[in-house]
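Any value given below was found using the heavy atoms of this structure, including those in side chains, with hydrogens, waters and symmetry copies removed.
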Amino acid sequence: MSQPLISIIVPCYNVEAFIKKGLQSIYLQTYTNWECILVDDGSKDNVSGEIDIWVKKDSRFKYIYQDNEGVSSARNKGLDHATGDYILFFDPDDLFSTNALENLISLAKDDIDIIIGKNAITNGQNYDIVEYLVHYSKPLQKVSNQDKNLIKIVVEEPIICVAWNKLYRRDFLKTHNLKFKKGVLHEDELWFFETLFKANAVIFNNEPTYFYNVTNLNSVINNMGLKNLKSYLEIIEYIYEQYYKTETKKTNKELISIYITHLKIKAILHCYKQLNKKDRLEAKPIIEACFARVTPVRTKKILADSFETLHYHFKLVKLLSPNLILRYLRYYKSSRTMRQIKAKWILKKATKTNNSKNRTIVDVR
């Protein structure tokens with residue numbers, strides 16, 4: 001039986017300092033039936049020269065250039081040129097384990113659309129593991145997406161929403177016309193939702209196959225600002241308009257609502273929290289407008305008690321200022337007495353505000 005071809009898509013923008021090690025980790029794979037599509041997204045450094053070395057060394061490396069359009073566009077360009085049975089995304093400032101492809105493809109079955117690898121965290125482009133990103137607690141078991149329960153799993157675990165270190169069946173992506181949304185940061189948040197919402201089943205591996213370098217100062221995660229927050233809000237509104245409002249199945253609608261609330265909480269905790277005072281002032285009306293427009297409804301309990309309580313309380317406090325929402329999320333479940341008192345005060349204020357506006361939040365706990 002022939003081995004499936006894996007198309008590795010690598011978006012490249014000003015990564016001259018990293019790309020040699022990154023591509024070497026691909027070149028040394030124990031599984032050899034792969035192609036590596038390198039999309040130069042208008043780099044201003046010598047990325048093309050570094051790539052040229054590998055293209056001449058091994059015909060499995062393929063070079064594509066485009067004017068700078070962002071990582072979503074670069075990944076989409078790679079998808080357009082991919083010929084493999086499976087798609088795998090890789091960022092060139094990170095590393096694969098030598099047996100990454102072999103480990104992931106060993107779990108491939110026709111009824112599994114996504115194979116999700118375990119991610120190690122490193123300080124630098126190396127194999128010195130600092131810790132691991134959250135991984136599903138029951139690896140090596142097929143997880144069916146009956147009733148869209150994958151959304152429930154990733155909210156409760158919670159599993160990191162990255163595109164890389166996952167094998168996607170190319171036919172699955174083509175059938176659902178799945179592409180990255182251009183022009184937004186945190187495009188993985190939307191991609192993560194769309195792929196898991198539409199997948200038939202997934203499976204998680206049980207050992208690290210990807211070494212994620214958190215110290216690249218140019219990465220999006222290390223440069224949170226107002227634009228990051230706006231992208232989060234744009235994704236929230238997109239899911240609300242394109243999925244929640246068009247969904248007819250009640251259970252699916254509930255789970256989309258859960259994910260939207262999950263993203264709203266992340267927008268406050270991951271983006272708004274890191275803004276300076278000036279940007280917070282500008283962000284305040286944008287957040288308030290988004291949260292007022294995007295109003296998915298919940299009618300039944302789906303999540304574990306602690307998550308249902310958090311989501312219910314968030315819907316109560318989301319009418320308050322972003323500063324108060326942030327304070328509540330920070331104080332929520334705190335062991336410190338003063339913070340518990342402050343959290344109760346904010347919740348009481350939120351309840352009073354909702355009552356004054358005749359606004360009822362369904363408590364599904």
Side-chain angles (χ1 to χ4, degrees), residues 121 130-137 151-161 186 189 214 221-222 224-226 228-229 232-233 236 257-288 290-292 294-365:
I121 297 175
V130 176
E131 57 182 314
Y132 297 96
L133 294 178
V134 178
H135 198 60
Y136 188 47
S137 56
I151 300 300
K152 168 181 162 64
I153 288 171
V154 300
V155 168
E156 290 182 341
E157 288 286 337
I159 296 152
I160 194 76
C161 59
H186 304 287
E189 290 281 4
V214 296
I221 197 81
N222 289 320
M224 289 287 190
L226 188 58
N228 300 76
L229 174 64
Y232 254 98
L233 300 180
I236 287 167
S257 176
I258 285 169
Y259 198 77
I260 287 171
T261 301
H262 173 69
L263 283 185
K264 285 181 177 180
I265 292 169
K266 290 181 74 174
I268 297 294
L269 283 178
H270 292 189
C271 294
Y272 181 78
K273 179 182 177 181
Q274 297 191 44
L275 298 182
N276 59 40
K277 187 175 180 179
K278 177 177 175 293
D279 285 345
R280 284 191 179 189
L281 285 173
E282 186 175 343
K284 181 178 181 293
I286 302 171
I287 293 170
E288 291 172 345
C290 173
F291 285 8
V294 179
T295 54
V297 176
R298 293 288 312 285
T299 61
K300 63 180 181 179
K301 179 180 176 181
I302 293 176
L303 300 174
D305 290 345
S306 62
F307 288 96
E308 289 291 9
T309 298
L310 172 60
H311 280 216
Y312 173 62
H313 285 181
F314 177 80
K315 287 192 172 186
L316 288 175
V317 302
K318 81 181 185 75
L319 277 189
L320 303 177
S321 70
N323 278 335
L324 281 176
I325 299 172
L326 175 60
R327 284 173 65 190
Y328 181 78
L329 292 174
R330 289 176 61 197
Y331 300 160
Y332 179 74
K333 294 179 73 174
S334 174
S335 59
R336 294 166 59 181
T337 303
M338 274 310 298
R339 289 197 166 193
Q340 289 176 6
I341 292 170
K342 288 177 181 178
K344 288 178 181 177
W345 175 82
I346 294 170
L347 202 58
K348 187 175 180 179
K349 180 180 176 66
T351 301
K352 195 172 182 179
T353 302
N354 280 284
N355 289 340
S356 70
K357 295 179 180 293
N358 295 317
R359 184 169 178 267
T360 302
I361 310 297
V362 176
D363 187 352
V364 299
R365 297 174 294 169

Value rounded to 0.5 Å, distance of [atom1] in [X] from [atom2] in [Y]:
X      : Y      : atom1 : atom2 : answer
Thr353 : Leu324 : OG1   : CG    : 9.0 Å
Phe307 : His262 : CZ    : NE2   : 9.0 Å
Leu229 : Leu233 : CG    : CG    : 4.5 Å
Lys349 : Ile346 : NZ    : CD1   : 9.5 Å
Ile287 : Leu275 : CD1   : CG    : 7.5 Å
Lys315 : Asn354 : NZ    : CG    : 11.5 Å

Next on the checklist: Assess the residue pair His313 and Tyr332 against the criterion (side-chain hydrogen bond (donor to acceptor under 3.5 Å, both in side chains)); give the C-alpha distance rounded to whole Å, side-chain angles, the decisive distance to 0.1 Å, and a yes or no.
Outcome noted: CA-CA 9 Å; His313 285 181; Tyr332 179 74; 5.1 Å; no

Shortest non-hydrogen contact from [X] toward [Y]:
X      : Y      : value
Ile302 : Arg298 : N-NH2, 3.7 Å
Ala350 : Leu320 : CB-CD1, 3.8 Å
Leu316 : Ile361 : CD2-CG1, 3.9 Å
Leu329 : Leu310 : CD2-CD1, 3.9 Å
Ser321 : Glu288 : CA-OE2, 4.1 Å

Item to check | NZ (Lys266) with more than 12 external heavy atoms under 6.0 Å | outcome: yes

Next on the checklist: Is the ring pair His186/Tyr232 parallel, tilted or perpendicular, if the boundaries are 30 and 60 degrees?
Outcome noted: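 Ring orientation, 0 to 90° scale: tilted.
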
Hey, does the side chain of [X] reach the backbone of [Y] with a donor-acceptor pair shorter than 3.5 angstrom?
X      : Y      : result
Glu282 : Lys278 : no
Gln340 : Lys333 : no
Ser334 : Arg330 : no
Glu308 : Leu303 : yes
Asn228 : Gly225 : yes
Lys273 : Leu326 : no

Are [X] and [Y] packed together at the side-chain level, in the sense that at least one heavy-atom pair is separated by less than 4.5 angstrom?
X      : Y      : value
Ile151 : Ile153 : no
Leu263 : Glu189 : yes
Cys161 : Val154 : no
Tyr328 : Lys318 : no

Checklist entry - Hey, mind stepping through Arg327 and Arg339 against side chain to side chain contact (heavy atoms under 4.5 Å, CB included) and telling me if it holds? => result CA-CA 9 Å; Arg327 284 173 65 190; Arg339 289 197 166 193; over 6 Å; no

Item to check | Residue pair Arg365, Lys301: steps toward the side chain to side chain contact (heavy atoms under 4.5 Å, CB included) verdict | outcome: CA-CA 6 Å; Arg365 297 174 294 169; Lys301 179 180 176 181; 5.8 Å; no

Next on the checklist: Let's go through Val134 and Ile160 carefully: what are the C-alpha distance in whole Å and the side-chain angles of both, what is the deciding distance for side chain to side chain contact (heavy atoms under 4.5 Å, CB included) to 0.1 Å, and is it a yes or a no?
Outcome noted: CA-CA 6 Å; Val134 178; Ile160 194 76; 5.8 Å; no

Next on the checklist: One pair to check against side chain to side chain contact (heavy atoms under 4.5 Å, CB included): Asn276 and Arg280. What are the steps and the verdict?
Outcome noted: CA-CA 6 Å; Asn276 59 40; Arg280 284 191 179 189; over 6 Å; no

Checklist entry - So, for Phe314 and His311, is the gap between ring centers shorter than 6.0 Å? => result no

Item to check | For Glu156, side chain to side chain donor-acceptor pair (under 3.5 Å) partners two or more places apart | outcome: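 Counting only residues at least two positions away or on another chain, Glu156 forms a side chain to side chain donor-acceptor pair (under 3.5 Å) with Lys152.
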
Next on the checklist: Would Asn323 and Tyr272 count as a side-chain hydrogen bond (donor to acceptor under 3.5 Å, both in side chains) here? Give the steps.
Outcome noted: CA-CA 9 Å; Asn323 278 335; Tyr272 181 78; 2.7 Å; yes

